Amino acid sequence: EQNCNDYLGLRLDSRGISIPVLTIALRGESSFSDEQIQRICSMSSLLSLLFYTFESERAKRLALLDPLTNVPNRRSFDSFLRSLVNAARLNNGSLALALVDIDGFKQVNDTLGHAYGDACLKEVATILNSDRRSSSDVVARLGGEEFALILPKVDGPEALRICERLRQAVLHTRVPGPDGGEGMPLSVSFGVALWDPEAFPECDGDQLQQLADDCLYEAKRQGRNRVVSRQAAG
């Protein structure tokens, strides 16, 4: 259709799901010579290697993301938390860890279905990502309806202001229902662990998670839709 007289199609080696094919077409009356075909076949081996490298790196990146919300997953969160705790300890910089849970999420799923619940999860992830101060802030989905925020180089009052803004943002959003009408109201509870390495250098990631989890439990106990925080101390 484009005045091509000859073409060559080579399937490249791949270990992934996709099957890359290199296609070269010659316009006019030209045709591939045996020497040209041999050279292209040799080049295709290099292209196969490059494509496989690209696929491998892409698979590694995807393995660290939650496929639904496209934020880091639990495995990625664990790695970020370890590195940021170590960085805070080395630099004597404050750190806040917030665990975030969507209130009454089972009722959301049971009332409007799991597809609507998935839409709510994506919306909450988008809101949590909207207030990142820099690339060092981490938003992750830990599983189910639970998310986490890691906020390095932030003091207690600022961490609480950030969490309160996010809580209000979720409260004032409404994901449209399956029929296009108004969906269910959403709210989230925050449990926030605040850490000053100078005051408590022995603290580690596990202790921060436990403290944040205790605060989240307290937020639920007090009636949900609130931020509860506590300072890590020895």
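Because the structure is predicted, anything quoted here is derived from the model rather than measured.
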Counting distance only, does the side-chain N/O of Thr126 pair as donor-acceptor with the main-chain N or O of Lys122 below 3.5 Å? yes
Please find the pair of heavy atoms, one from Ser76 and one from Leu64, that lie closest to each other, and give the distance. CB-O, 3.3 Å
Closest heavy-atom pair and its distance - Arg224, Ser189: CA-OG, 3.3 Å
Side chain to side chain, Val228 and Tyr217, heavy atoms closer than 4.5 Å: no
Using only heavy-atom distances, determine whether the side chains of Asp214 and Gln210 contain a donor-acceptor pair under 3.5 Å. yes
Is the CD atom of Gln231 crowded by more than 12 outside heavy atoms at less than 6.0 Å? yes
Counting only heavy atoms not in Arg174, do more than 12 sit closer than 6.0 Å to its CZ atom? yes
Give me the atom names and distance for the closest heavy-atom approach of Ala88 to Leu95. CB-CB, 4.3 Å
Indicate yes or no: does Asp103 engage Lys220 in a salt bridge with an N to O separation below 4.0 Å. yes
Checking side chain to side chain contact (heavy atoms under 4.5 Å, CB included) against Ile150, which of Leu97, Val139, Val85 comes through? Leu97
Heavy-atom closest pair, residues Trp195 and Ala232: CD1-CB, 4.1 Å
Among Val100, Leu216, Leu160, Ile162, which residue satisfies the side chain to side chain contact (heavy atoms under 4.5 Å, CB included) criterion with Val227? Leu160
Say whether, by atom type as modelled, one donor and one acceptor occur between the side chain of Glu158 and the main chain of Asp155 under 3.5 angstrom. no
Quick check: closest heavy atoms across Leu208 and Ala193, and the distance to 0.1 Å? O-CB, 3.5 Å
Salt bridge Arg74-Asp78, side-chain N to carboxylate O under 4.0 Å: yes
Run the salt-bridge test on Glu164 and Arg161 with the 4.0 Å N-O cut-off and return the result as yes or no. no
Trace of the side-chain contact (heavy atoms from CB on, under 4.5 Å) decision for Asp137 with Val154: CA-CA 10 Å; Asp137 289 357; Val154 62; over 6 Å; no
Counting C-beta onward and ignoring hydrogens, is there a side-chain heavy-atom pair between Leu84 and Val138 closer than 4.5 Å? yes
Has the side chain of Glu146 got a donor or acceptor atom that lies under 3.5 Å from a matching backbone atom of Asp101? no
